[in-house]
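Accompanying notes for the structure given below.
Below, each value reflects all heavy atoms present in this structure, side chains not excepted, and no hydrogens, waters or symmetry copies.
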Amino acid sequence: MDEVYVETPLGIATISGNEDGIASVSVTKESTNIPSKTIPLHLQQVVLQLKEYFDGQRTDFELTLNPSGTDFQKKVWAELLKIPFGKTVSYLDIAKRLGDPKTIRAAASANGKNPLWIIVPCHRVIGSDGALTGYAGGLWRKKWLLDHENPVKQQSLF
């Protein structure tokens, strides 16, 4: 499993994967890692597509994903992939999509364990009341990502 470090507007991202796909993409609150000078061939697409996302040129990712998780977690992550760019859903919406509203806590837990930051868009899941809740990378990053995907255009009054 190869690992590289890439600078993003939200901090240094750690990307790991191999020929079988991308296993994880994460960003930490504090990182002492410096950006990698060389990127293995099988990680070059994820690095390029993340750059395009942050540059406002990409709204979805076309990558082979290979995250580790339970069957339930993978079902939740598959639902997250269906959330359109610039849109949000609630944790309850995810539980309902899985067929059982009672799984809301389990769905929220699986959402929080998503190993593929941005690529599997867990940042697009909010509380039923519209509140920004629970984000491993920090709520300020979640707000930044949602604003990046759906910028409010200020209208001029004059």
Side-chain angles (χ1 to χ4, degrees), residues 3-17 21-36 39 43-65 67 69 73-98 101 103-158:
E3 190 170 88
V4 296
Y5 306 101
V6 178
E7 196 167 343
T8 77
L10 298 175
I12 302 291
T14 304
I15 302 168
S16 66
I22 308 306
S24 69
V25 177
S26 63
V27 66
T28 55
K29 293 179 177 119
E30 295 177 25
S31 181
T32 56
N33 300 319
I34 57 171
S36 301
I39 309 294
L43 296 180
Q44 289 178 6
Q45 266 305 305
V46 68
V47 170
L48 173 66
Q49 290 186 31
L50 280 171
K51 180 182 181 332
E52 291 170 345
Y53 170 85
F54 283 114
D55 288 346
Q57 300 169 342
R58 175 171 291 277
T59 59
D60 60 335
F61 295 91
E62 298 166 12
L63 300 164
T64 301
L65 306 180
Q73 287 171 333
K74 289 178 181 181
K75 285 179 187 173
V76 171
W77 301 336
E79 286 302 319
L80 298 178
L81 287 169
K82 297 175 186 175
I83 305 169
F85 182 89
K87 303 292 182 193
T88 58
V89 300
S90 71
Y91 293 100
L92 181 58
D93 293 333
I94 296 293
K96 287 178 180 176
R97 289 179 186 184
L98 293 169
T103 63
I104 186 170
R105 287 181 188 259
S109 176
N111 189 64
K113 291 184 170 87
N114 168 26
L116 292 161
W117 179 61
I118 297 177
I119 300 189
V120 174
C122 58
H123 60 278
R124 296 180 189 154
V125 183
I126 59 175
S128 294
D129 62 356
L132 299 185
T133 59
Y135 192 66
L139 288 180
W140 72 270
R141 282 190 178 97
K142 184 172 191 164
K143 181 179 182 334
W144 191 99
L145 290 166
L146 293 174
D147 288 347
H148 175 69
E149 292 185 5
N150 196 7
V152 176
K153 305 288 189 249
Q154 196 71 2
Q155 292 182 325
S156 173
L157 297 176
F158 304 100

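- Side-chain contact between Val6 and Ser36 is absent, with no heavy atoms from C-beta onward closer than 4.5 Å.
- Taken from CZ in Arg124 to CZ in Phe85, the straight-line distance is 6.5 Å, to the nearest 0.5 Å.
- Among residue pairs with one or both ends in residues 76-85, those qualifying as salt bridge (charged side-chain N to carboxylate O under 4.0 Å, His left out) are Glu79-Lys82; sequence neighbours excluded.
- Shortest non-hydrogen contact noted between Ala13 and Thr8 is CB-CG2, 3.9 Å.
- You'll find the ring centres of Trp144 and Phe54 inside the 6.0 Å limit.
- Remark: side-chain polar atoms of Tyr91 are paired, donor with acceptor, to backbone N or O of Thr133 under 3.5 angstrom.
- Annotation: the span from Ile104 atom CD1 to Leu98 atom CG amounts to 11.0 Å, rounded to 0.5 Å.
- Side-chain atoms of Leu50 and Trp117, non-hydrogen and from C-beta on, never get closer than 4.5 Å to each other.
- Checking side-chain atoms of Trp77 against main-chain N and O of Lys113 turns up no donor-acceptor pair under 3.5 Å.
- Within the 4.5 Å cutoff, the side chain of Leu92 has heavy atoms near those of the Pro101 side chain.
- Distance check, rounded to the nearest 0.5 Å: CD of Gln45 to CD1 of Ile22 gives 9.0 Å.
- Between Lys74 and Pro67, the closest heavy-atom pair is CE-O, 3.5 Å.
- Tyr5 OH to Ile39 CD1: the interatomic distance, rounded to the nearest 0.5 Å, is 11.5 Å.
- Checking each of His148, Arg58, Glu149 against Tyr53 for a side chain to side chain donor-acceptor pair (under 3.5 Å) leaves exactly one that passes, namely Glu149.
- The shortest heavy-atom contact between Val76 and Ala107 is CG1-O, 3.8 Å.
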Next on the checklist: side chain to side chain contact (heavy atoms under 4.5 Å, CB included), that's the test. Do Ile118 and Val27 meet it? Break it down for me.
Outcome noted: CA-CA 10 Å; Ile118 297 177; Val27 66; over 6 Å; no

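- With rounding to the nearest 0.5 Å, the separation of OG in Ser24 from CG in Leu65 is 11.5 Å.
- Ile94 has its side chain within reach of Ile83: a pair of non-hydrogen atoms, C-beta onward, lies under 4.5 Å apart.
- Without hydrogens or angle criteria, His123 side chain to Gly137 main chain gives no donor-acceptor distance under 3.5 Å.
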Checklist entry - Please walk me through it: do Phe61 and Val120 pass side chain to side chain contact (heavy atoms under 4.5 Å, CB included)? => result CA-CA 9 Å; Phe61 295 91; Val120 174; over 6 Å; no

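- Here the CG atom belonging to Leu116 is positioned 9.0 Å from the CG atom belonging to Leu63, to the nearest 0.5 angstrom.
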Next on the checklist: Let's go through Leu146 and Leu132 carefully: what are the C-alpha distance in whole Å and the side-chain angles of both, what is the deciding distance for side chain to side chain contact (heavy atoms under 4.5 Å, CB included) to 0.1 Å, and is it a yes or a no?
Outcome noted: CA-CA 10 Å; Leu146 293 174; Leu132 299 185; 3.5 Å; yes

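- With hydrogens and angles ignored, the 3.5 Å screen pairs a side-chain donor or acceptor of Lys142 with a backbone N or O of Val125.
- Of all the heavy atoms in Pro121 and Leu80, the pair that sits closest is CG-O, 3.2 Å.
- Checking side-chain atoms of Asp93 against main-chain N and O of Ser90 turns up a donor-acceptor pair under 3.5 Å.
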